[in-house]
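Notes follow once the structure below has been shown.
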Protein chains: 2
Amino acid sequence: MNVTIYDVAREANVSMATVSRVVNGNPNVKPATRKKVHEAIERLGYRPNAVARGLASKKTTTVGVIIPDISSIFFAELARGIEDIATMYNYNIILSNSDQNKDKELHLINAMLGKQVDGLVFMGGKITEDHIREFKTSSVPIALAATVDETGETPSVNINYEQAAYEATELLLSHHNERVAFVAGPEDTVINTEKLAGYKRAMKDHGHDDADKWIVQGDYSYDSGIEAFEQLMNMEDKPTAVFVSADEMALGVIHGAQDSGYSVPEDLEVFGFDNTRLATMVRPTLSTVVQPMYDIGAVAMRLLTKFMNKEEVEEQSVILPHRIIERNSTQQK
Amino acid sequence: MNVTIYDVAREANVSMATVSRVVNGNPNVKPATRKKVHEAIERLGYRPNAVARGLASKKTTTVGVIIPDISSIFFAELARGIEDIATMYNYNIILSNSDQNKDKELHLINAMLGKQVDGLVFMGGKITEDHIREFKTSSVPIALAATVDETGETPSVNINYEQAAYEATELLLSHHNERVAFVAGPEDTVINTEKLAGYKRAMKDHGHDDADKWIVQGDYSYDSGIEAFEQLMNMEDKPTAVFVSADEMALGVIHGAQDSGYSVPEDLEVFGFDNTRLATMVRPTLSTVVQPMYDIGAVAMRLLTKFMNKEEVEEQSVILPHRIIERNSTQQK
DNA sequence: ATGAAAGCGCTAACAA
DNA sequence: TTGTTAGCGCTTTCAT
């Protein structure tokens, strides 16, 4: 049997209400009483039962986090941002992997709501109507991190993927590359669609209406980067530069090239996306789009705390700044 | 107001006890009644309150996970193993980062016990007496993952680090390297101590009693690998091979070497530890010790479920097999 | 097979 | 400043 608030009350000769007050830092307690209670707590080794507290107060001080895959460098960094801010605001985190599987996602949302989380941070690929319905009927606030809801109805934190992709492509084009390819991520995710749009817009602005023929499909993985390189080299006109929509996949492209005797950036310029730690762990170091992953997680969690506290929120769709960083996988100009 | 078990009971014209039974799959319910209840649940959109359930049953079906840093490739992989098995056994996970800070660790243990987790998976660097005391007085079982308790009192899952380090060093020595260096990890963690011991034993077995002079200190990071390389090259007798106690740090060593015009493995053989995904994302690909991170997490969680179910456990200190994989950062023999 | 009722440990009015 | 007392929503005997 664990020691309860009632045991402490008896030990300190006060009511449980008073114990509750000192445990919760309520100022309406005479210092002497407070001291007595603290001593009793110490003596008994009392530790408040958060479950009972949660039932009585209807607050669990825990938030749910649904993440595609915690073992991915990208998402792990986001998760760290989320957890740090959660800790700062005294929340704990229930973390589950969804593998971007819609059924799992929906199931997890429900499981977490069942656990009475005070809020939810959701990361995923595609927000469907079913998702929106769940979000809307949820009794607790929800924030999306690095995940876009096209309807704009769900609070979210992202960067401007379209613009970022535009700028990356533009930079490659400005290096007088006539043939700039794009290695896409999983189709049917809106972030990929946006990147694609940015790439196409840049191509078009530079007079290339044939962007479609320079697009190859990947899945963000290293291996798919290697495969993408093969495809690139099988094209009639080989590209001289390639914009890859994720760093890890970009490493695959670089190594695919090097393994085939090409050199980067001389024979092929390679540009990544995300600026994960990987970007500086490769030779040549990777030029890439800086997406502030940790911050996206942190800001999403911060946003969520505001909703949980019913604070006013000026803008519920936060767009964080991105930037381009040129390293050695592209030509120095 | 949310719909409760009581509402369902009224809607279905049964008692809450019966609703509870069907929700919990108790077989002692007439099929017709079960059906009625399910319909009522459906109609009302009832979702059981896990907090109330936890209070009444004294089980929360959630386990705490204390991890040094979820954004580390190594730990993220472990976490995935833990979470997958947790899901399989219907547990959720409360995840917190400790940064290997003892105070944080102790605080987290208490916070999680306060949340009434049914068990705890702990990952950390150094298990002190204070840790052991907390573990022992804990009302719920605890399992260590990739973390060794020298007293052997806490259930744990690891590999044999000493032996693995021995084999790695041995392999380098067998390549007729006269000078094999070692890049250590954070001092004062027992896993590092074990690796060090394995390295020294191998050196000694090959007639090198001067192992100490070939040891340089790192912190497992990429940058510390680069620095380690500098130190290696400042030695009087430069080593011709180096065993690095973590893959990421090994990449640092490789790139440090390459950036200085050395080639790997011709001028310097490099051997890593862990076999994180990074090992195949470098050129040359990294020879390394395979530590089954995902499995360690998975097995630790599985072990924990056994304790939580009060099952018999034959061996509470599990040692998983490791192996050596030779890739291109060492000489082919 | 089903129901009644007593908690689980705490918070939050409301009184005093 | 402190105490009394309902619940919070569910599980779990114990009856029936």
Side-chain angles (χ1 to χ4, degrees), chain A residues 1-38 40-41 44-62 90 110-111 113-118 139-140, chain B residues 1-38 40-41 44-62 90 110-111 113-118 139-140:
Chain A
M1 203 54 217
N2 249 308
V3 11
T4 74
I5 198 173
Y6 184 72
D7 301 322
V8 176
R10 287 212 323 188
E11 175 82 10
N13 271 308
V14 297
S15 70
M16 14 184 311
T18 300
V19 178
S20 176
R21 287 191 188 96
V22 350
V23 167
N24 293 294
N26 184 317
N28 293 342
V29 180
K30 207 172 13 169
T33 314
R34 182 184 308 281
K35 184 152 174 287
K36 256 197 323 189
V37 173
H38 272 134
I41 287 178
L44 266 34
Y46 169 68
R47 174 194 292 142
N49 180 325
V51 172
R53 192 192 296 225
L55 183 58
S57 68
K58 297 178 163 305
K59 282 180 182 320
T60 55
T61 63
T62 108
N90 262 97
N110 273 285
L113 293 179
K115 292 238 170 174
Q116 311 303 118
V117 294
D118 294 337
S139 40
V140 300
Chain B
M1 204 54 220
N2 250 308
V3 11
T4 75
I5 198 173
Y6 185 73
D7 300 323
V8 176
R10 286 212 323 189
E11 175 83 11
N13 270 307
V14 297
S15 70
M16 13 184 313
T18 299
V19 177
S20 176
R21 287 192 188 95
V22 348
V23 167
N24 293 295
N26 184 316
N28 292 342
V29 180
K30 210 176 5 176
T33 314
R34 182 184 308 282
K35 184 152 175 287
K36 254 196 326 189
V37 173
H38 272 134
I41 287 178
L44 266 35
Y46 169 68
R47 173 195 292 142
N49 180 325
V51 172
R53 191 191 295 223
L55 183 59
S57 68
K58 298 181 161 304
K59 283 180 182 318
T60 54
T61 63
T62 108
N90 263 97
N110 273 285
L113 293 179
K115 292 238 170 174
Q116 311 303 118
V117 293
D118 294 337
S139 42
V140 301

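Computed from a predicted structure; not experimentally measured. Per chain, numbering begins at 1; letters A, B, ... match sequence-line order.
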field: Flag, side chain of B:T60 to backbone of B:G54, donor-acceptor distance under 3.5 Å
entry: no
query: So how far off straight is the helix from C:dA1-D:dT16 to C:dA16-D:dT1, going by the axes through five pairs at either end, to 10°?
result: 30°
query: What heavy-atom pair brings A:Y46 and A:T4 nearest, and what distance separates the two atoms?
result: CE1-C, 3.6 Å
Closest non-hydrogen atom pair, A:V3 against A:L44: CG1-O, 3.5 Å
query: Can you check the B:I5 CD1 to C:dA4 C1' distance for me, whole Å?
result: 14 Å
statement: Picking from C:dT11, C:dA4, D:dT12, the nucleotide nearest the side-chain atoms of A:M16 would be C:dT11
query: Does A:S20 place a side-chain N or O at less than 4.0 Å from the phosphate oxygens OP1/OP2 of C:dT11?
result: yes
- prompt: Any idea which of C:dC10, C:dG3, D:dT12 is nearest the A:N49 side chain?
  reply: C:dC10
Whole-Å distance separating the CG atom of A:L44 from the C1' atom of C:dG9: 15 Å
message: Of the options C:dC8, C:dT2, C:dC10, whose atoms approach the side-chain atoms of B:K58 most closely?
response: C:dC8
Distances under 3.5 Å between protein N/O atoms and the N/O atoms of nucleotides 14-16 of chain D, please, pair by pair.
none

task: Please name all residues satisfying side chain to side chain contact (heavy atoms under 4.5 Å, CB included) with B:N24, sequence neighbours left out, ordered by chain then number.
output: B:S20, B:R53
field: Spatial distance of atom CG (A:L55) from atom CG (B:N49) [nearest 0.5 Å]
entry: 6.5 Å
field: Length of the line joining A:R53:CZ and D:dG7:C1', which is rounded to integer Å
entry: 18 Å
Any B:Y6 side-chain nitrogen or oxygen under 4.0 Å from OP1 or OP2 of C:dG3: no
field: Short side-chain N/O contact to C:dG3 OP1/OP2 from B:S15, under 4.0 Å
entry: yes
statement: side chain to side chain contact (heavy atoms under 4.5 Å, CB included) filter on B:R10, not counting sequence neighbours, yields B:Y6
message: Classify B:V23 by what it touches in the nucleic acid, base, sugar-phosphate, or nothing, heavy-atom distance under 4.0 Å.
response: nothing
message: For B:A40, give me all partners under side chain to side chain contact (heavy atoms under 4.5 Å, CB included), at least two apart in sequence or on another chain.
response: B:V8, B:E11, B:A12
By side chain to side chain donor-acceptor pair (under 3.5 Å) - contacts of B:S57 (at least two apart): none
query: B:L113 CG to C:dG9 P: how many Å, rounded?
result: 16 Å
task: Starting from P on C:dA6, measure out to CG on B:L55 and report it in whole angstrom.
output: 17 Å
- prompt: Is the shortest side-chain N/O distance from B:T18 to OP1 or OP2 of C:dT2 below 4.0 Å?
  reply: no
- request: Keeping to residues at least two apart or across chains, list the side chain to side chain donor-acceptor pair (under 3.5 Å) pairs with something in residues 25-36 of chain B.
  value: B:K35-B:E39
field: By side chain to side chain contact (heavy atoms under 4.5 Å, CB included) - contacts of A:S139 (at least two apart)
entry: B:N2
query: Can you check the A:Q116 CD to C:dC10 P distance for me, whole Å?
result: 19 Å
field: Residues which pass side chain to side chain donor-acceptor pair (under 3.5 Å) with A:T62, listed by chain and number, not counting sequence neighbours
entry: none
message: Nearest whole Å is fine: how far is C:dG7 P from A:N2 CG?
response: 19 Å
message: Between P on D:dG9 and CZ on B:R10, what's the gap in Å once rounded to a whole number?
response: 14 Å
- prompt: Closest heavy-atom contact between A:T18 and A:V29?
  reply: CG2-CG1, 4.5 Å
- prompt: Is there a residue in residues 24-35 of chain A whose heavy atoms reach under 4.0 Å of DNA chain C, and which residues are they?
  reply: A:N24
